[in-house]
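The structure appears right after this line, and notes come after that.
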Amino acid sequence: MSSGPRFRFAPSPTGFFHVGGARTALYNWALAKRLGGVFVLRIEDTDEARNKPEWTDGIIDALAWLGIHSDDPTFEGPYFQSEYAEAHLAAARRLFDAGAAYYCDLSSEQIQERAKAAGIGGYDGYSRDRGLGPGPGRVLRFRVPEGSTTISDLVRGEVVFDHSTIEDFVLLRSNGTPMFLLANVVDDMEMDISLVVRAEEHLPNTPKQQLLWQALGHQPPAWAHVPLLVNEQRKKLSKRRDKVAVEQYRAEGFLADAMVNYLMTLGWSPPGDREIVPWSMIEREFRLEDVNHSPAFFDVKKLTAFNGEYIRMMSIDDFIAACQPFLHSSDVPWPPDRFDASKFAAMASVVQSRASTLAEVPAVIDFIFLADPVVDEQAWAQTIAAPGAREVLADVTEAYRALPEWNVAALKDTLEMIGERHGLKKGKAQAPIRVAITGRTVGPPLFEALEVLGRDEVIRRLTMVASP
RNA sequence: GCCCCCAUCGUCUAGUGGCCUAGGACACCACCCUUUCAAGGUGGCGGCACGGGUUCGAAUCCCGUUGGGGGUGCCA
C-alpha cells in the first residue's frame, strides 16, 4: 500500500468526459505518479439511479485513452458515492448531536420573504436556537461559527473567507437525503483523500467543506484550485455551447498524446522553450505551484497544430495503424470493397504530412478508391480553358499509353517534357491531368498517385474526361 | 446585491526587482523550397489594462480604478 498522498478525481456526471475534467485528471495523475501517491476515481452522485454503469465505463475508457489506466497500481476505484449513503447520514447525525447542526422548518418561500424583509442575501439563521428535532419538512443546517476560515491553496496561496458571508447551509434535505457538499466531504474522509485538485469554480465552497472537516474532527486535506478552461467568450466551457467531450475529439482523429500534451500547456508550461514534450517529462516536471492563476481559452486551432506535429512524429507503420478506424468507418466516401490496403500504404507517407487530424485522411486519397471521382465542374472548366491544356492532356494520354516503365520518375519526366513542348511550366502542365485523375485542383503529389492507380485506370480517367 | 478569483502579443504562455530593446508557441502575413496542396526553412506583424505609490531601478512589490470570470439552491 502506498503511503504517498491520495488524490481524488471526480468527473461531474454529465454523461461524457469533459476536457476540463481531463486536464484535472492529468494533473492528479502526474502528481500521484511522481509523488508515489494514489489516484482515486470517484463517481459522484448521491442518487444511485443516476450512477449509470455505461457512463462509468466510458469514463474509464477515456481515462485509459489519456494514459490513465485503471489496472495501474496507482489507480484506485471507481467508488460510487451512493454506496456511502450510511456514512453520510451518520456524519449528519454526529453533527446534530454535537450541536454543530440544527433543524429548520422554513420553506424556501419563507426564507426569501425573511431575507427580503431584512435586506440580506440568504438564510438568516432563524432556527439556530429553536431546538427543533428531525421531522418531516425539516432540513438540517450547519451552524456556521463566528470568525473566519483560511484556505491554504497550493496554487493560489492563502484565501480568507469571513464566516459572516457564509450562510448556514443545508446538510440534509427535508426528505432526509444528504446534500452533495456533505457527501463529498464524508467521502473524502472515508477515502483518506489528502490533496484535492479541482477547478477554480469550487473555491467559494471550499470554506464550507473545510468547516465540515473540522467539525467532524478531521484534519482537512490540502487544496489546489486550478484555473478554468473557457471559450472565446471567456465563459466556462459548457456542454451546451461548446465542444467539450473528450470522446468527440478522439472520434475526430485527435491523438491522445497530442490531446494530453496540449491540455497540459493550458495553465502550465514545461521548462524551456519547448511545448511539445513527452509525458515522461511532464510527469517529472509538473508542479501545482507553477500552475497559472488565470483562465485559459481552449483553442482547437492550437490543439490541431499539436496534433499535426504528433502525426508527423509517428513512424509510417504507426501512422497506417492509427488510420485504420478512419479508413474503415461507415462514412468513408468510397465503396468499402474498393479499398486497397497496399495502395493506401503506398500513399501513406504523402498523406502523413498533409493531415492534421486522422479524420481528414480519407478525403486526401479518396480518389484512389472511388470508381469515378466526381470532377469539380468549375475546376475542370478553368483548367482546360488554359492555353495548351487540352493539347497536353491529349499528348500525355498518348505517351502514358506507350510508356515502357510505369513509375514516378518516368511519369514525371514524360509530363514535364510534353509540358515544355507546349511552353508550359510544370505547375501548369500537371493541372489538367490532376483534375482528370483526382477531380480537384489540389491534392497529394500527382505522380505518386498515378503510379499507385496503375496505367489502365489512369488512361481510363484521362480519356473519360477528354470525351464529354 | 453579497463573497471570491483573475489581469503579459488575437490566443496559450516564459518572466518571481536589474540578464526585458519583454522570450517561445498557435494563428496571421511575406519570402524560400516546390508538379498543385501540404510539410519544412527564413523573416515580419503584435503585448506588460489604467492610475497612484515603494525603490537608485518595476511586467515583477503595495493601494486604488476599470475590465473579465466564478460562486452564492432542499443541483452536482
Side-chain angles (χ1 to χ4, degrees), chain A residues 10-14 44-47 50 81 104 106-108 111 115 119-123 137-141 151 153 156 159-162 164-167 169-181 183-184 199-208 225 227-228 230 232-236 262 265-276 290 292-306 308-309 311-312 350-356 364 383 411-412 415-416 419 424-431 433-435 438 440-448:
Chain A
S12 43
T14 37
E44 287 186 347
D45 201 319
T46 52
D47 181 354
R50 288 199 287 172
Q81 189 159 56
C104 174
L106 251 37
S107 67
S108 30
I111 291 169
I120 57 165
Y123 181 67
R138 295 179 181 180
V139 299
L140 183 68
R141 285 181 181 273
I151 301 299
D153 193 289
R156 276 152 219 285
V159 186
V160 182
F161 294 86
D162 196 304
S164 64
T165 66
I166 305 172
E167 66 177 42
F169 53 95
V170 174
L171 261 17
L172 252 31
R173 300 183 184 89
S174 56
N175 67 5
T177 57
M179 292 287 287
F180 166 76
L181 206 70
N184 204 22
E200 191 200 330
E201 52 183 314
H202 296 286
L203 185 54
N205 278 327
T206 309
K208 295 181 187 173
H225 291 91
L228 246 26
V230 298
E232 46 274 85
Q233 277 84 241
R234 305 249 111 210
K235 296 264 201 307
K236 186 168 79 165
Y262 174 65
T265 64
L266 259 24
W268 179 77
S269 68
D273 266 345
R274 287 198 310 148
E275 286 188 319
I276 306 281
D290 297 335
N292 265 173
H293 298 183
S294 37
F297 169 52
F298 185 83
D299 187 359
V300 180
K301 272 194 178 167
K302 188 156 181 177
L303 202 215
T304 306
F306 268 49
E309 294 249 9
I311 284 180
R312 274 167 256 127
V350 303
V351 176
Q352 192 174 8
S353 70
R354 258 152 272 257
S356 52
V364 179
T383 308
L411 258 6
K412 183 168 187 269
L415 183 130
E416 279 177 18
L424 295 180
K425 290 210 186 300
K426 303 166 190 173
K428 288 287 182 196
Q430 58 92 47
I433 316 298
R434 175 180 295 283
V435 180
T438 72
R440 311 183 201 101
T441 55
V442 299
L446 183 59
F447 305 109
E448 280 77 355

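So you know, we letter chains A, B, ... as the sequences are listed, proteins then strands, and number each from 1.
Checked against side chain to side chain contact (heavy atoms under 4.5 Å, CB included), A:Ser12 has the following partners two or more places apart in sequence or in another chain: A:Thr14. Residues that satisfy the side-chain hydrogen bond (donor to acceptor under 3.5 Å, both in side chains) test with A:Arg434, not counting sequence neighbours, are A:Gln430. Shown here are the salt bridge (Lys or Arg N to Asp or Glu O under 4.0 Å) partners of A:Glu201, two or more places apart in sequence or in another chain: A:Lys236. Residues that satisfy the side-chain hydrogen bond (donor to acceptor under 3.5 Å, both in side chains) test with A:Arg354, not counting sequence neighbours, are absent from this structure.
When rounded to the nearest whole Å, the span between CG of A:Leu172 and P of B:rC75 equals 12 Å. Going from atom CZ of A:Phe169 over to atom C1' of B:rG73 covers 13 Å, rounded to whole Å.
At least one side-chain nitrogen or oxygen of A:Arg173 sits closer than 4.0 Å to the OP1 or OP2 atom of B:rC75. Considering only side-chain N and O atoms, A:Lys302 lies nowhere under 4.0 angstrom from the phosphate OP1 or OP2 of B:rU11.
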Per-nt protein contacts along nucleotides 30-45 of chain B (heavy atom under 4.0 Å; B base, S backbone sugar-phosphate only, - none) come out as -----BBBBSS-----

Which atom pairs link the protein and nucleotides 14-16 of chain B when you take only N or O atoms and keep those under 3.5 Å?
unit_1	atom_1	unit_2	atom_2	d
B:rA14	OP2	A:Asn292	ND2	3.3

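In this structure, B:rU11 and B:rA25 make a Watson-Crick or G-U wobble pair, each of the two defining distances being under 3.5 angstrom. Base pairing analysis places B:rG1 opposite B:rU72; the two distances defining the Watson-Crick or G-U wobble pair are each below 3.5 Å.
Counting non-hydrogen atoms under 4.0 angstrom, A:Ala431 reaches nothing in the nucleic acid.
Residue A:Glu201 places no side-chain atom within donor-acceptor reach of the base of B:rG69, judged by atom type and a 3.5 Å distance cut-off alone. Donor-acceptor pairing under 3.5 Å, judged by distance alone, is present between the side chain of A:Ser174 and the base of B:rC74.
A side-chain donor-acceptor contact under 3.5 Å links A:Asn175 and A:Thr177.
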